[in-house]
Amino acid sequence: MIHLYNVTKIYPNGVKALSDVTLSIRKGEFVFLVGPSGAGKTTLVRLIFREELPTRGQVIFNGKNVGRMRMVEVPYLRRRIGMVFQDFRLLPQKTVFENVAFALEVAGSGRRDIRKRVPVILNMVGLAGKAGMYPAQLSGGEQQRVCVARAIVNNPVLIIADEPTGNLDPETSWELMKLLMDINRRGTTVIMATHAWDIVNAMKKRVLALTGGRLIRDEEQGAYCYEA
Amino acid sequence: MIHLYNVTKIYPNGVKALSDVTLSIRKGEFVFLVGPSGAGKTTLVRLIFREELPTRGQVIFNGKNVGRMRMVEVPYLRRRIGMVFQDFRLLPQKTVFENVAFALEVAGSGRRDIRKRVPVILNMVGLAGKAGMYPAQLSGGEQQRVCVARAIVNNPVLIIADEPTGNLDPETSWELMKLLMDINRRGTTVIMATHAWDIVNAMKKRVLALTGGRLIRDEEQGAYCYEA
Amino acid sequence: MKLNIVGYYFREAVQSIWRNSWLSMASIGVVAVSLFILGSSLLLVLNVNSMVGALESRVEINVFIKDKTTPAQIKEMEEGLRSMPDISEVRFISKTQALEEMKEKFGDKKEILSGLEEKNPLPDTFRIKTASIEMVQPLAQQIEGLPQVDQVRYGQNVVEKLVAFGRWVRLAGLVAMILFAIAAVFLIATTTRLSVYARRREIGIMKYLGATNWFVRGPFLLEGMLLGFLGSVLAVMVIYFGYFSLVGTIKVSLLFMLTVTDPGLILPVLEGLVALGLIIGAAGSTISMRKFLMV
Amino acid sequence: MKLNIVGYYFREAVQSIWRNSWLSMASIGVVAVSLFILGSSLLLVLNVNSMVGALESRVEINVFIKDKTTPAQIKEMEEGLRSMPDISEVRFISKTQALEEMKEKFGDKKEILSGLEEKNPLPDTFRIKTASIEMVQPLAQQIEGLPQVDQVRYGQNVVEKLVAFGRWVRLAGLVAMILFAIAAVFLIATTTRLSVYARRREIGIMKYLGATNWFVRGPFLLEGMLLGFLGSVLAVMVIYFGYFSLVGTIKVSLLFMLTVTDPGLILPVLEGLVALGLIIGAAGSTISMRKFLMV
Ligand SMILES: Nc1ncnc2c1ncn2[C@@H]1O[C@H](COP(=O)(O)OP(=O)(O)OP(=O)(O)O)[C@@H](O)[C@H]1O
Ligand SMILES: Nc1ncnc2c1ncn2[C@@H]1O[C@H](COP(=O)(O)OP(=O)(O)OP(=O)(O)O)[C@@H](O)[C@H]1O
Ligand SMILES: [Mg+2]
Ligand SMILES: [Mg+2]
């Protein structure tokens, strides 16, 4: 489903965030992306999401070269990916309900569909009571869960979660992980960048480890570790 | 140093974030603030920092009633508190160096002083090479460490860190904890809201546990737990 | 386009105006002020034009006719003059009438002219008005060439001044209007840019959620048009009531000035302003957004 | 205030202008356009005033003197008139001069008047100019009461029209200027508000870091003043060069219009605009910030 061939990303200011990364992720997999702060995890998922273009190498998503995609195709790529951003990116002028509904509106869903689906998803992430609030009125962890809700509401074929438990207590984190596993079990591919070593170790899923922009380990049923 | 007497905080939209909290923190203490997502941890530290006013009850900092303080006094209160915000709050138009330097400029430090002190602090948090970058060019964990650097650069009498390790890998987290412990040892009071149960358990410091706005546990050398 | 999406556009646009009420009011204000300036100067130009026209219509050419001309020749000549396209009015003043007029001018001292009746030295005269003031000079020269004409007089000095003044006023009015129009467009573009700039993060996020450019643009476009519409309506209302009350007070003190109150002339101006408001609003938000859609 | 802080203000202001180059240019543009409009209308009013003044100075009062007045009485009367404060010019026209003038007016047909030399029916006349056109009517009435005066003429109709026109132009100019001034202030306030609004988070963060209101305000204030200054300089330059080249072309075609080119009158206007730019910039950013400083 996702293939990276010799991907290097150098930011305009000269920082080499990824160097020569090659990897493949099959449909239906659950992959952890680990590595120290600044290793390039977010950069890697940004390339798949086409938030950034690779400096060298190719990123293939469902047989399409993401880097060479025309501008008009990009929205349709993004609609098939549910992204939990590390920096949340909630629309400040919209309520929780509207933020989640927006992902559906973008894809052209009808109002009835939206009014049925959004409350179900908000309930799943434990925010049933906060539907009418604005992002600024939420706690950090609540905002993070709105992002998760927004990412999964659209039934995407791929979910990318960039540190989705950074602001959550262990209990809520585990509930979230169960939710992601459920979705994964129903066939959705999941990529999760994380620092939660306890979760990674307990889940025994595939682990990709980055350090300084290099892919140094790729283990099925791996543990949290990013030493070579 | 800090006393809260029967503090209740109800936000304008009716959410009761804290109810009837009474506690005292002595000078030089190291206190963990734990609790599930949305328990009121951030609200509690906001009251001390006078970002919000208590609806009922009193917040006393160094003998002064924070809630009744005049507007002109507020800046001087804030300068004595080093705050690591959960949502970072970096100035997007300033480089890392300038962001950290700003806390010193606000307090009236000279340029020579600033040029000497900022690099030392950036080095402490492991960002020596990123001084010239803008926040948007940093990874999540790097941004978080800039916040920490900004909070400690001014030698405050109190450091409040709101989930300072949410975006950090375990190794970097522990380095940060050592830094905070060092500063604490030199007499600075530290309050840290966190979900990192492993850190809390390993440090054996005082733990305050909030659930649904109520203070339900207050243990010296406690462990991570917020069941009553 | 599906009805779904149109509904979405409207909901979003109205909501955004409502939630950013402060920003919206500022934008409406800018549109209103700009269009007010534009509209006022337009009306000013209209009025100056009508005033100049009124002054122009008072300039006459006096054609003095040779003494020995027969009434038949005069009749013929009058018809010839009337058939000229640039002439709007021809009036014949006989010698006798001319003397009467002169006596009237002398008023109390008209006894000076007594005794002239027998041997009236004044000539028969045609008084001619032209369609436009620019034609006075060439027409005068043309008429001077006719056989029965003794002399042509038209207050050369006054006409030249009036022609120059008329040109100047129109030029100045046109320059002012163009400047104001440019200023208005520039100001509104700036404001919409600022308001889009203030929401650049929002636009970026929408794009990251898979919104097409048109989906992002739609509500902003509609919002811009609504704001432009409201602003122009405000401007039009102020101009309308302000203008007619101003005209009312001026008329009393200044009867000789012909102010334009013909709705047939003023309504198109006001309608144009509203249309301009819509266009400006739409264009402003579209152009301003381009930069931020590139993500 | 410590030198430290002043230096900090300047560094921050310049840096912010530089880094928000886009926003800065927009603000400079708005200031420039607004002040350009204001300055242009100011110059227009100056010019109209001077034109109206020039026209006014041409209105004369004709005082006809009774036939039996002696030269000594006339002399005495002339001195009496000269001593009146509102009179700027007194010219004596004797009967003979008056007849000559009349002959000239009649031109070719002056033979009508031949034979009048022996028994000249025209009176001795004083031609009087007044200091201001408003004084024509009262003065005329006053003079009419003098014993030697037969009759007073001053083209009642023309004077009334001119007075009305002058008043109207001044009023309209004043109204237009006030409207433009209000519009300019409103526009600039809006722009600075928008630019502060676009940076509200930044202001909030500064306050959270323990900055006093003045510390936050300082750089914004300076930035506003710098932007206002640059905008006003731009406006002044455009007005200066535009005005003098316009005056140059008009003068050729329109000699009778007295355009104001006296630097002593124009420079204060331009200086005033620059000062206004500074004030507007400072005021705009101060007022706009108030709301966001309340954290
Ligand atoms: N927009 C950018 N411009 C320049 N450099 C950047 C940019 N974004 C990230 N970087 C740099 O690229 C490197 C990798 O960043 P990235 O965000 O991928 O790290 P990460 O693995 O997600 O770290 P974290 O766990 O802290 O979020 C970092 O050194 C960072 O400073
Ligand atoms: N500005 C606000 N307006 C209204 N409600 C708010 C506001 N800020 C927080 N709340 C509500 O108050 C409650 C406590 O929020 P708080 O941010 O203190 O939680 P927290 O303990 O910091 O949670 P987390 O661990 O997720 O950061 C939450 O239910 C939240 O929705
Ligand atoms: Mg990251
Ligand atoms: Mg919190």
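Just the heavy atoms: all of them, side chains too, but no hydrogens, waters or symmetry mates, feed the values below. To find a chain, count down the sequence lines: A is the first, B the second, and so on, and within it residues start at 1. Because the structure is predicted, anything quoted here is derived from the model rather than measured.
- Crowding of Y134(B) atom OH: a count of heavy atoms from other residues, nucleotides or ligands under 6.0 Å exceeding 12.
- Contacts of R50(B) with chain D are absent, with no heavy-atom separation under 4.5 Å from either backbone or side chain.
- Within 6.0 Å of CZ in F229(D) there are 12 or fewer heavy atoms belonging to other residues, nucleotides or ligands.
- Put simply, CE on M206(D) and CG on L91(B) are 5.5 Å apart, with the number rounded to the nearest 0.5 Å.
- A cation-pi contact, defined as under 6.0 Å to the ring centre and within 45° of the axis, links R89(B) to Y208(D).
- Ranked by heavy-atom pairs shorter than 4.5 Å toward chain D, the options Q93(B), E52(B), K94(B) are led by Q93(B).
- Crowding of K116(B) atom NZ: a count of heavy atoms from other residues, nucleotides or ligands under 6.0 Å not exceeding 12.
- Taking CG of L90(B) as the reference point, atom CD of E202(D) lies at 11.5 Å (rounded to 0.5 Å).
- For F88(B), the CZ atom counts as densely surrounded, since its 6.0 Å shell holds more than 12 non-hydrogen atoms of other residues, nucleotides or ligands.
- Between G210(D) and P75(B) the shortest heavy-atom distance is O-CB, 3.4 Å.
- In this structure, CG on N99(B) lies 8.5 Å from CG on L209(D), to the nearest 0.5 angstrom.
- Listed for the R78(B) side chain is no donor-acceptor partner under 3.5 Å among the backbone atoms of A211(D).
- The pair R11(D)-E105(B) meets the salt-bridge criterion, since a charged nitrogen lies less than 4.0 angstrom from a carboxylate oxygen.
- For the pair T212(D)/Y76(B), a side-chain contact is recorded, criterion being any heavy-atom separation below 4.5 Å from C-beta on.
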